[in-house]
Protein chains: 2
Amino acid sequence: MRPISKEATLDEPTEQEPDPGLRALLGGTEIPTAYKIGYVLNFYREPSFRAIEMEFGLTRPEIVILLALHVREGITASEFCEFSGHLKAGVSRAVIALEKKALVRRKTDPVDNRRQLLFLTDAGREIYQRYIPMLRARETAMLECLSKPERRQLDRLLDKLGAHVPNWAKASEL
Amino acid sequence: MRPISKEATLDEPTEQEPDPGLRALLGGTEIPTAYKIGYVLNFYREPSFRAIEMEFGLTRPEIVILLALHVREGITASEFCEFSGHLKAGVSRAVIALEKKALVRRKTDPVDNRRQLLFLTDAGREIYQRYIPMLRARETAMLECLSKPERRQLDRLLDKLGAHVPNWAKASEL
DNA sequence: CGAAATTGGTCTCATATTAGACTTTTCAAT
DNA sequence: ATTGAAAAGTCTAATATGAGACCAATTTCG
């Protein structure tokens, strides 16, 4: 169970009664770091995406593609796949859906007829603006336990990890 | 695409040619930290789990339940759900499948007839031993870019984040 | 230059996963 | 003691997602 008791939730949100047994899971696996990263992210991402899905009818790939296009338009599906590690069939499906929902526009790349450049529509931008505040708020809440320096520290480490990904994340090694 | 070119992969695995445009995604979203965590973890978890799924016929929930039981046996499905944030239907289904595969044993909790205590079978332990080395190796590879102190730093930050989860990760807030 | 290989995107089929309903057991309130 | 509410686990129906096949465009190689 969540490392809180029901009583604590109702009376003292800051007073926790962790179950030592299950908390042992966090550091007890043979892949402690990966597990902990997954543990934290699971609580952030899964409920967030489920809520967006219920409220806006967007699937996970759709959500993240809108996120990506908000940062940079004109990328192609395959670029996004390559960058993010998402599978091309899923991305393709999401792009088709997004276009059908008029949230995204596709334009064949003049340089390579196979490629399609993706752009946000106004509706796409708008729906993004409607779901991003919740994601931001939850990120803020998630990071509240860290001081400013610690957050910078975390970001620095994550940048390192992110930059290192191409060195080991080769599907052929599996 | 992955921030490497094909040539680099073949010739100079350490020589990368990041696409600046897509790399902007990493820090460019409005949820940079969450996104970066997800970015790194996606490359670790998704391919790993897919490989295990293909080789051992285990679904993601099955994989993680075996992981958890390896650390601590005798937990119940609901305890695992509460702790990990996984949904009970999925966990229930996984437990049923694991028992069917004779990887897990279930025993009704004498204290509460609704609850079922979960235990690994020998086969369950064995299959775990067959997939964990790959997960460990990939975790090691993932963390190779960090020095020892940095890894300790990361673990410390993750422990903080993990301990803080119960303070904000309430589904009712969504 | 032409054939073979690779790439970009889409589709089909099978399987995984979610929401919500359901049953039984246990807890809480009166 | 009784009743209503909540918890634990399972099931159903709908939908999401992965594997692999496919086709067309482009690149690679002899």
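What's counted below: heavy atoms across the whole structure, side chains too, no hydrogens, waters or symmetry copies. Order of the sequence lines sets the chain letters (A, B, ...), proteins ahead of strands, with each chain counted from 1.
A/Glu46 is linked by a salt bridge (Lys or Arg N to Asp or Glu O under 4.0 Å) to A/Arg60, counting only residues two or more places apart in sequence or in another chain.
Put simply, CG on B/Asn113 is 12 Å from P on D/dG9, counting in whole angstrom units. Nucleotide C/dG8 holds its P atom 13 Å from the CD1 atom of A/Ile75, rounded to whole Å. Distance NZ (A/Lys107) to P (C/dG8): 19 Å, rounded to an integer number of Å. Remark: C1' of C/dG8 and CG of A/Leu118 are 12 Å apart, rounded to the nearest angstrom. The CD1-C1' distance, from B/Ile65 to D/dG9, rounds to 12 Å in whole Å. Atom CG in B/Asn42 sits roughly 14 Å away from atom C1' in D/dT17 (whole-Å rounding). Between the C1' atom of D/dA8 and the NE2 atom of B/His86 lies a distance of 18 Å, rounded to the nearest Å. Rounding to whole angstrom units, CG of residue A/Asp109 and C1' of D/dT26 are separated by 12 Å.
Residue B/Arg115 places at least one side-chain N or O closer than 4.0 Å to OP1 or OP2 of D/dA8. Taking only side-chain nitrogens and oxygens, B/Ser92 never comes nearer than 4.0 Å to OP1 or OP2 of D/dA8.
Between A/Val95 and A/Val91, some side-chain heavy-atom pair lies under the 4.5 Å cut-off.
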Can you build the contact string for nucleotides 12-21 of chain C? Use B for base contact, S for sugar-phosphate-only contact, and - for no protein heavy atom under 4.0 Å.
B---SBBSB-
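Note: A/Tyr128 and A/His70 have parallel aromatic rings, judged against thresholds of 30 and 60 degrees for the angle between ring planes. In this structure, A/Phe80 and A/His86 have parallel ring planes: the angle between them is below the 30° cut-off, well short of the 60° mark.
Nearest-nucleotide mapping onto DNA chain D: of B/Val91 and A/Asp112, the residue sitting toward the 5' end is B/Val91.
Proximity note for A/Ile96 (side chain, C-beta onward) versus D/dG9, C/dT26, C/dC11: the nearest is C/dC11.
Applying the 3.5 Å distance criterion, the base of D/dA8 shares no donor-acceptor pair with the side chain of B/Arg114.
Counting only distance, with no hydrogens or angles, the side chain of A/Arg105 and the backbone of A/Leu118 share no donor-acceptor pair below 3.5 Å. Proximity of a side-chain donor or acceptor of B/Ser48 to a complementary backbone N or O of B/Leu135 within less than 3.5 Å is not detected.
When hydrophobic clusters are built by joining Ile, Leu, Val, Met, Phe, Trp and Tyr residues whose side-chain heavy atoms come closer than 4.5 Å, directly or via intermediates, B/Leu146 is grouped together with A/Trp168.
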